[in-house]
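Notes to accompany the following structure.
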Amino acid sequence: MDLLKQLESRVQALVHQRNQLKEELDALKATGDQELQSLRARLEEAQAERTALQKEREDVKEQVAAILRSLEALG
């Protein structure tokens, strides 16, 4: 009988340990998901900023080209 109680106690300890590890894993997954969402949002912001800067660069190029054409027409 003593052996059965020891086995039961050990099984309960292992089940408890498994549950704790599962909770820790779930918490880590949640944290990882939050970090992933944050990184995706930052990536989208960076891509939007890059697109805006590219458009601004093209606008400046067109303005410079227009100024050069005006100077050539005057010269």
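What you are looking at is a predicted structure, and each value in this text was computed from that prediction instead of being measured.
- More than 12 heavy-atom neighbours from other residues, nucleotides or ligands sit within 6.0 angstrom of CD on Gln54.
- Residues satisfying the side chain to side chain donor-acceptor pair (under 3.5 Å) criterion with Asn19, sequence neighbours excluded, are absent altogether.
- Residues passing the side chain to side chain donor-acceptor pair (under 3.5 Å) test with Asp33, sequence neighbours excluded: none.
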Determine, stepwise, if the pair Arg18 / Leu14 fulfils side-chain contact (heavy atoms from CB on, under 4.5 Å). CA-CA 6 Å; Arg18 181 204 60 182; Leu14 289 171; over 6 Å; no
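- Separating the CG atom in Leu21 from the CD atom in Glu23 is a distance of 9.5 Å, to the nearest 0.5 Å.
- Residue Glu56 places its CD atom among 12 or fewer non-hydrogen atoms of other residues, nucleotides or ligands, all under 6.0 Å distant.
- One finds the CZ atom of Arg42 at 8.5 Å from the CD atom of Glu45 (value rounded to the nearest 0.5 Å).
- The same ILVMFWY cluster, assembled from side-chain heavy atoms under 4.5 Å apart, contains both Leu68 and Val60.
- Considering only residues two or more places apart in sequence or on other chains, Leu25 meets the side chain to side chain contact (heavy atoms under 4.5 Å, CB included) condition with Lys29.
- Annotation: side chain of Lys55 is not in contact with side chain of Thr51 (no heavy-atom distance under 4.5 Å).
- Nearest heavy atoms, Glu62 versus Arg69: O-NH2, 4.5 Å.
- Residue Gln17 places its CD atom among 12 or fewer non-hydrogen atoms of other residues, nucleotides or ligands, all under 6.0 Å distant.
- Between the side chain of Ser9 and the main chain of Lys5, no donor-acceptor pair closer than 3.5 Å is present.
- For the pair Gln6 and Leu3, the minimum side-chain heavy-atom distance is below 4.5 Å.
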